[in-house]
Amino acid sequence: MEYKFGEIEKKWQKYWDENKTFKVEVDHSKPKFFILDMFPYPSGSGLHVGHPEGYTATDIVGRFKLMKGYNVLHPMGWDSFGLPTENYAIKTGIHPNIITKKNIQVFKRQLKSLGFAYDWDREISTSDKKYYKWTQWIFTKLYNKGLAYEDEIQVNWCPELKIVMANEEVVNGKSELGGYTVIRKPMKQWMLKITEYADRLLEDLDELDWPDNIKEMQRNWIGKSEGANVKFKIADHNQTIDVFTTRSDTLFGATYMVLAPEHELVTKITTAENRKKVNEYIQKAAGKSDLERTDLAKEKTGVFTGACAINPVNNKKIPIWVADYVLISYGSGAIMAVPAHDQRDWEFARHFDLPVIPVLEGGDIEKEAFVEDGIHINSGFLDGLGKEDAVNKMNSWLIENKLGKKEINYKLRDWVFSRQRYWGEPFPILKYEDGTVRCLDDDELPVTLPEVEKYEPSGTGESPLANIDSWLNVTDPKTGKKARRETNTMPQWAGSCWYYLRFCDPGNDEKAWSDEAEKYWMPVDLYIGGVEHAVLHLLYARFWHKVLYDLGLVSTKEPFKKLVNQGLILGEDGEKMSKSRGNVINPDHVVNNYGADSLRLYEMFMGPLEKVKPWSEKGVKGVFNFLVRAYKFFANPDHLTKETEDPETLKVLHQTIRKVENDIEGLRFNTAISQMMIFTNHCMKAGTVTRNTAEIFTKLLSPFAPHLAEELWQIFGNRPSIAYEEFPVYNEEFLKEDIFEYPVSFNGKLRFKIELALSLEKEEIEAAVLSDERAVRWLDGKKQKKIIIVHKKIINVVV
RNA sequence: GCCCAGGUGGUGGAAUUGGUAGACACGUUGGACUUAAAAUCCAAUGGCCAUAAACGGUCGUGGGGGUUCAAGUCCCCCUCUGGGUACCA
């Protein structure tokens, strides 16, 4: 009766494959459940044990929902465009397509070896032209809606990778991938107007069943702030400077102004004697990496322009400075500085000896800026007011005097949507010689990637596509004009922005998805993935989804109803798994030694799904032992000879049904497994159980360890697949208890336990407890003040 | 700096609304089986004190205070760890 997991697992994987056990179609007679994993990037190193954590969780929920009568959509695919593949292609000269196909093969074999209940007929790959045709199609929708535009912008140029990166891909002045230095350089880029959706992306977060911290991160990223736009006249010029401020109430305390070095007015207003200094400063700022510019600890720098502005509230002249602590990309790129009540301005004023005028009472402005609420002083018509009232009054005053208006600003910026790379979706864009642009029509899609010899970027900043004349230069059949194709490609986020929609209807050649499939399957009921995508992927996908919603192409405002982030799995040494540390665990190794069911079970048993937790091979052995014991016990007919089940076993069984069901619903897989262990231990002690008991237990186990469950199910003489069986229902009858062992404590300290009938009245319990000889001892002649009796919980005697 | 999460035995972790802290598992120790080992099975296993043994006592959920009959759980202060973020006006 050996547990031959290797044979068992291969046998059932083959069975599921051949019988298409998990094939799924739209079926209006059943409620649907759409479960989604963040699909993997098929890297060259294959799966690591972090991947199956989320996948196992979704698989358990999927199999459970199936047994609960749902029509479950649980697909898998590949986020297969991406930089590492292209870099590998550059190094080896092998076509990224070939590399990708190979990597996918490895990933697929590995995933299949884990027994996930995917409908493999729905497999998609973002680098497949059948898929990216529709990514391009969505781009045309964005373009035609006016949400895509080209702009000459300061971009993050990485000389090493020869690519432009979005701000969010640059970490501390280095590229997120590879850690190369990034500098700023102006370049024409495709942009998506995600800012137009900022408010809705913010508001609709409220209705999502997402972890609060993720919602908070998105809120912070969008960074909505309400304030006022104030116009400052420039002395001896007829121009004005607009500033954005959330603290218009401190206007009387504005003692200078600051423009970002890139601000267009800087060169216009700088006086002759300051020109040299200012130009030098601008040059220096441009040469600085983001790392240097955003280093909070550094001393503030800046130069005086020689020009002055007029503070509109008191007509005082205040100097205008240039400093790189003001960012051109936020607000208007200019600020009014209130050093008494803003720490950054305070530091700057201190350094350059500029006046600091307090306009709110409180704090000690000799030491630091006072940023809290207080009563206004030195503020004319605001004197005596608190912050909120003063802001309102000032804003009304500004509007009345046509000196400003209310304004809302966002940290969120438009999305830089082009990459100078080969391995991405080409844009469906033609550029004519006269500089005009045409976005292709549906019937002209897809624009496929041409074959190239070399994958290196052109070096001028353009992608390798710029070198392929035959692809690049075309005569547009629709207009007859000569045209050049757009040589940029889309970023990796593009494909993953809508893959969940394609999963609803992956084989559709006519449309990206049918209305019927979309209406039936959407939204995604449960989305599990890593927290690293908390902001970008999830925000971009929500943005696209809202655009599609506005176009009537999808029926839900939000794509992902419930989101859960699985925690990282660390190496045995408690460090992040990495090749360099040599602590990477390959799932193949675990499958070979202990089997897929053990791997699945262990990943779930380690601890709460959301938590970061270290790997332990000993732990794998622990759950492996459990499976061996379960197999040896239940597969042996000698143990299933009981005719009528013991009440005690029935009780544990039904407790187990209840706990496993509740825990799966709550994604608490670790405690569900421990309950199944308790049950198995109980059965082994009992010696024999009924076949019915064994079958019920096997069904409970089946979402977790599906291969073993199928095997047992067959051994019991049933027809496969157990995946189609109904999930057991617990019966309250068997859970009833009539006696309870009450812990009795004196002044909150547990002293002894006493078995009492649950039917007893409080007075009877009290009498029983007090007459117990142990109680007499603990009372020690003293009189009890009162007795607290909590039904089925505890008895506490207060002495 | 700010925001978020967290700190429970030797280890991973349990503890549903405040109600028996340490479920389950790993590890360790002892025993059975074996020529022996592995595997398996059985038993013990938070610290300290006490005891021939049993019954026990006492401390204990990062630290300190508080609320409560009762606190891992609620409140206040401190501390440490992990993650995120970066001059956003």
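Sequence lines set the chain letters: A, B, ... in the order given, protein chains first and strands last, and positions in each chain run from 1.
- Straight-line distance between the P atoms of B:C4 and B:C41: roughly 48 Å, to the nearest whole Å.
- With distances taken from any side-chain atom of A:V326 to the nucleotides B:A14, B:A89, B:C41, the minimum falls on B:A89.
- Defined by atom type and a distance below 3.5 Å, a donor-acceptor pair is missing between the side-chain atoms of A:T56 and A:Y602.
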Check the interface with nucleotides 16-22 of chain B: list each N/O to N/O pair with the protein under 3.5 Å, or write none.
from  : atom 1 : to     : atom 2 : distance (Å)
B:U20 : O2     : A:K753 : NZ     : 2.7

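- Nucleotides B:G19 and B:G72, compared at atom P, are 10 Å apart to the nearest Å.
- As a whole-Å value, the separation of A:N220 CG from B:C3 C1' is 7 Å.
- The CZ-P distance, from A:R219 to B:C3, rounds to 16 Å in whole Å.
- Atom-to-atom, CD1 of A:I214 to P of B:U85 comes out at 11 Å; the value is rounded to the nearest Å.
- For the C1' atom pair drawn from B:G6 and B:U61, the interatomic distance equals 13 Å after rounding to whole Å.
- Base orientation of B:G62: anti, since the glycosidic angle falls outside 90° of 0.
- Nearest to the side-chain atoms of A:K300 among the listed nucleotides B:C42, B:C69, B:C87 stands B:C87.
- In this structure, the CZ atom of A:F624 is 12 Å from the P atom of B:A39, given to the nearest Å.
- Note on residues 242-258 of chain A: pairs passing salt bridge (charged side-chain N to carboxylate O under 4.0 Å, His left out), not counting sequence neighbours, are A:K231-A:D242, A:R247-A:D249.
- Proximity of a side-chain donor or acceptor of A:E407 to a complementary backbone N or O of A:F244 within less than 3.5 Å is not detected.
- The ring-ring contact (aromatic ring centres under 6.0 Å, His included) test with A:Y631 is passed by exactly one of A:F626, A:F624, A:Y3, A:F697: A:Y3.
- In this structure, the salt bridge (charged side-chain N to carboxylate O under 4.0 Å, His left out) partners of A:K651, at least two apart in sequence or on a different chain, are A:E737.
- Across the P atoms, B:A23 and B:U79 are found 34 Å apart, a figure rounded to whole Å.
- Residue A:D345 is out of contact with every strand shown, counting any heavy-atom pair closer than 4.0 Å.
- Side-chain contact between A:F352 and A:Y256 is absent, with no heavy atoms from C-beta onward closer than 4.5 Å.
- Using a 4.0 Å heavy-atom distance criterion, A:T246 is classed as a sugar-phosphate-only contact.
- B:C74 and B:U20 have their P atoms separated by 15 Å, with the value rounded to a whole Å.
- By the neighbour-count criterion of 12 heavy atoms within 6.0 Å, atom CD of A:E741 is densely surrounded, having more than that number from other residues, nucleotides or ligands.
- Within the 4.0 angstrom heavy-atom criterion, only backbone atoms of the sugar-phosphate kind lie near A:K618; the bases stay farther away.
- At a threshold of 4.0 angstrom between heavy atoms, the contacts of A:F605 include nucleobase atoms, whether or not backbone atoms are also involved.
- Toward the 5' end of RNA chain B, the nearer of the two residues A:R247 and A:N670, judged by each one's closest nucleotide, is A:N670.
- B:A15 and B:G60: their C1' atoms are spaced 16 Å apart (whole Å).
- Within residues 676-686 of chain A, the residues that place at least one heavy atom under 4.0 Å from RNA chain B are, in residue-number order, A:M677, A:I678, A:N681.
- Between A:V338 and A:T255, the closest side-chain pair of non-hydrogen atoms is not below 4.5 Å.
- Taking atom P in both B:C3 and B:C77, the straight-line distance is 13 Å, to the nearest Å.
- Counting to the nearest Å, the C1' atom of B:G84 and the CG atom of A:D212 are 16 Å from each other.
- One can place CD of A:E610 at 13 Å from P of B:G13, the figure rounded to the nearest angstrom.
- In this model, no side-chain donor or acceptor of A:K621 finds a partner on the base of B:C26 within 3.5 Å.
- Comment: A:E216 engages A:R219 in a salt bridge, judged by a side-chain N to carboxylate O separation of less than 4.0 angstrom.
- Considering only the side chain of A:W221, B:A86 comes nearest among B:A86, B:G57, B:C69.
- A stem is defined here as three or more consecutive Watson-Crick or G-U pairs, each with both distances under 3.5 Å; for RNA chain B these stems are B:1-7 with B:79-85, B:10-12 with B:24-26, B:27-32 with B:40-45, B:46-49 with B:56-59, B:62-66 with B:74-78.
- A:R413 and A:T195 share no donor-acceptor pair across their side chains, judged by distance under 3.5 Å alone.
- For the pair A:K300 and A:F348, the NZ or CZ position fails the cation-pi test of under 6.0 Å to the six-membered ring centre and within 45 degrees of the ring normal.
- Between B:G13 and B:C26, the distance separating the two P atoms is 16 Å to the nearest Å.
- Within the structure, salt bridge (charged side-chain N to carboxylate O under 4.0 Å, His left out) pairs that include any residue of residues 616-628 of chain A do not occur (at least two apart or interchain).
- Taking for each of A:S329 and A:G622 the nucleotide of RNA chain B with the nearest heavy atom, the 5'-most of the two is the partner of A:G622.
- Here B:C26 is the nucleotide among B:C24, B:C26, B:C69 with the atom lying nearest to any side-chain atom of A:N625.
- The backbone N or O of A:N583 lies less than 3.5 Å from no partner atom in the side chain of A:D573, so there is not a single donor-acceptor pair.
- What separates CD of A:Q655 from C1' of B:A23 is a distance of 12 Å, to the nearest Å.
- Contact annotation: A:K611 side-chain N/O to B:G6 OP1/OP2 distance is not under 4.0 Å.
- Between the NZ atom of A:K613 and the C1' atom of B:A14 there is a distance of 15 Å, given to the nearest Å.
- Classification of A:R668 and A:D663 as a salt-bridged pair holds, one side-chain N sitting under 4.0 Å from a carboxylate O.
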